[in-house]
There are 2 protein chains.
Amino acid sequence: MTRKVQCPVASTLDLVGDRWTLLVVRDLLRGRSRFSELRETVEGIPPAILANRLKSLEAAGVVQRRQYQDRPPRFAYQLTAKGHALGVVVGAMATWGEQYADSDLALVDGECGHGIRVVYHCPTCARRSPRRRVRIVDSLRHEV
Amino acid sequence: MTRKVQCPVASTLDLVGDRWTLLVVRDLLRGRSRFSELRETVEGIPPAILANRLKSLEAAGVVQRRQYQDRPPRFAYQLTAKGHALGVVVGAMATWGEQYADSDLALVDGECGHGIRVVYHCPTCARRSPRRRVRIVDSLRHEV
DNA sequence: CGGGGTCAGTTCAAGAGTTGAACTCAGTGC
DNA sequence: GCACTGAGTTCAACTCTTGAACTGACCCCG
């Protein structure tokens with residue numbers, strides 16, 4: 001069901017625009033990697049959906065399925081670089097959700113260990129704008 | 001269908017975790033405000049879905065429905081502050097999607113007019129980390 | 001005064017996706 | 001041999017989504 005659009009938001013939503021996919025990504029970011037771990041931590045996901053989503057994510061190059069032992073064949077799912085980049089989306093949702101709901105999860109910098117936020121950043125002005133009003137325009141080339 | 005969870009990602013997804021809602025928010029951010037405008041610009045959305053989503057968003061306090069004339073009653077939908085804050089999520093998807101798909105949309109700072117990105121930011125270190133590895137942990141209070 | 005057009009939706013049948021429960025199958029520990 | 005674990009698959013019931021058509025209020029035009 002690929003929509004033939006150019007909007008990056010729409011193409012992102014083609015992959016992760018459902019109730020479950022980003023919860024799976026969230027738990028992969030949390031360090032879960034095995035099917036059964038994900039089934040336990042992704043709140044009430046039916047195994048059929050989990051299997052289906054992991055397949056889509058693998059097909060999209062977002063996760064990688066690795067067999068980590070073969071006597072009883074066992075698999076681990078890990079995020080690729082592309083998948084780790086999706087952390088910004090999950091993080092943005094966490095940042096937003098934290099303002100409007102109680103939370104037991106936090107987004108933490110892998111290096112300094114501090115809680116972090118997802119914010120706007122203008123590379124031209126080198127200016128960060130956590131709550132800036134932002135517009136979405138049809139293109140930078142033919143500005144609306 | 002409220003999930004009784006505390007994860008901010010999950011509660012955000014309860015509201016916007018479907019194929020359409022964030023496309024509607026995107027176009028509200030783009031300055032569209034009337035039903036017919038949204039129907040035209042949200043790629044192929046069925047009017048029943050659009051009406052339904054606008055109702056949910058209004059109930060969630062993300063948009064506000066204003067009657068802007070009453071001879072023929074006409075309505076405009078506008079984002080509240082809460083809704084504008086969702087721009088970070090849409091922006092994160094745009095940022096991610098732009099790296100993996102061609103784009104005709106751009107995220108623009110409302111003030112300086114430059115194209116902007118959505119990035120991680122650590123308020124403690126005052127350090128911005130566009131591609132930093134990030135972890136999601138169970139809580140900052142009782143660290144995992 | 002009648003016809004066509006716009007806007008903001010609603011209605012409805014058909015189809016697609018989701019849910020929950022149960023089941024499979026291989027291997028392992030006891 | 002037997003229960004258990006991990007990694008899924010299968011299936012029927014249910015719900016949600018899709019697309020197309022329709023409504024109804026109001027305008028403008030001749």
Side-chain angles (χ1 to χ4, degrees), chain A residues 1-5 10 13-25 27-28 30-60 62-79, chain B residues 1-5 10 13-25 27-28 30-60 62-79:
Chain A
M1 192 137 318
T2 44
R3 205 173 308 177
K4 53 170 197 305
V5 287
L13 284 169
D14 278 342
L15 179 62
V16 302
D18 76 287
R19 178 176 251 63
W20 297 110
T21 304
L22 285 177
L23 292 176
V24 173
V25 172
D27 283 344
L28 291 167
R30 281 209 282 177
R32 315 292 187 257
S33 68
R34 303 216 302 283
F35 192 91
S36 53
E37 288 176 328
L38 293 170
R39 178 164 48 175
E40 277 161 29
T41 59
V42 177
E43 35 277 271
I45 190 171
I49 303 268
L50 179 55
N52 174 304
R53 292 305 185 277
L54 286 171
K55 261 174 211 152
S56 309
L57 289 174
E58 195 189 0
V62 165
V63 307
Q64 213 183 338
R65 182 178 189 259
R66 264 192 33 250
Q67 182 159 359
Y68 66 90
Q69 70 174 43
D70 42 43
R71 226 61 76 265
R74 293 286 182 263
F75 305 95
Y77 296 88
Q78 317 187 292
L79 293 168
Chain B
M1 192 140 311
T2 42
R3 204 173 308 177
K4 54 170 198 300
V5 288
L13 284 169
D14 277 342
L15 179 62
V16 301
D18 76 288
R19 179 177 252 62
W20 297 110
T21 303
L22 285 177
L23 292 176
V24 173
V25 172
D27 284 344
L28 291 167
R30 282 208 281 176
R32 314 293 187 255
S33 68
R34 302 217 302 283
F35 192 91
S36 54
E37 288 176 327
L38 294 170
R39 179 164 48 174
E40 277 162 29
T41 60
V42 177
E43 35 277 272
I45 191 172
I49 303 270
L50 179 55
N52 176 303
R53 291 307 183 276
L54 286 171
K55 261 173 210 152
S56 309
L57 289 174
E58 195 188 359
V62 164
V63 306
Q64 213 183 338
R65 183 179 189 257
R66 263 193 34 251
Q67 183 157 357
Y68 66 90
Q69 70 174 43
D70 41 43
R71 226 63 74 269
R74 293 287 183 260
F75 304 95
Y77 296 88
Q78 318 186 293
L79 292 168

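Chain letters run A, B, ... following the sequence lines, proteins first, then strands; residues in each count from 1. Values in this document were obtained by computation on a predicted structure and should not be read as measured data.
- Shown here are the side-chain contact (heavy atoms from CB on, under 4.5 Å) partners of B/Ala48, two or more places apart in sequence or in another chain: there are none.
- In this structure, CG of B/Leu54 is placed 11 Å from P of C/dA8, rounded to the nearest angstrom.
- With contacts defined as side-chain heavy-atom distances shorter than 4.5 Å, the pair B/Gln64/B/Leu79 does not qualify.
- Put simply, A/Tyr77 has a side-chain N or O that comes within less than 4.0 Å of OP1 or OP2 on D/dG8.
- For A/Arg34 and D/dG6, the CZ to C1' distance is 8 Å, given to the nearest whole Å.
- Phosphate contact (OP1/OP2 of C/dA16, side-chain N/O of B/Arg19, threshold under 4.0 Å): absent.
- Residues satisfying the side-chain contact (heavy atoms from CB on, under 4.5 Å) test with B/Glu58, not counting sequence neighbours, are B/Val63, B/Arg65.
- A/Glu40 has its CD atom 11 Å from the P atom of D/dT5, to the nearest Å.
- For B/Arg39, there are no salt bridge (charged side-chain N to carboxylate O under 4.0 Å, His left out) partners, not counting sequence neighbours.
- Contact detail for A/Leu13 and B/Arg19: the closest heavy-atom pair is CD1-O, 4.0 Å.
- With sequence neighbours left out, the side-chain hydrogen bond (donor to acceptor under 3.5 Å, both in side chains) criterion links A/Thr41 to A/Asp27.
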Going 5' to 3' along nucleotides 20-30 of chain C, which nucleotides have protein heavy atoms under 4.0 Å from the base (write B), which only from the sugar-phosphate (write S), and which from neither (write -)?
-> B------SS--
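- The CG-P distance, from A/Asn52 to C/dG17, rounds to 9 Å in whole Å.
- Between the CD1 atom of A/Ile49 and the P atom of C/dA16 there is a distance of 17 Å, rounded to whole Å.
- Rounded to an integer number of Å, the gap from B/Phe75 CZ to C/dG9 C1' is 10 Å.
- When rounded to the nearest whole Å, the span between CD of B/Glu43 and P of D/dT18 equals 12 Å.
- Applying the 4.0 Å criterion to OP1 and OP2 of C/dG17, one finds that A/Trp20 has every side-chain N and O outside that range.
- Close to C/dT10, at under 4.0 Å from its OP1 or OP2, lies a side-chain N or O of B/Lys55.
- For B/Gln78, the side-chain contact (heavy atoms from CB on, under 4.5 Å) criterion is met by B/Arg66, not counting sequence neighbours.
- In this structure, the CD atom of B/Gln67 is 10 Å from the P atom of C/dG9, given to the nearest Å.
- In this structure, B/Arg65 reaches the C/dG9 phosphate: one of its side-chain N or O atoms is under 4.0 Å from OP1 or OP2.
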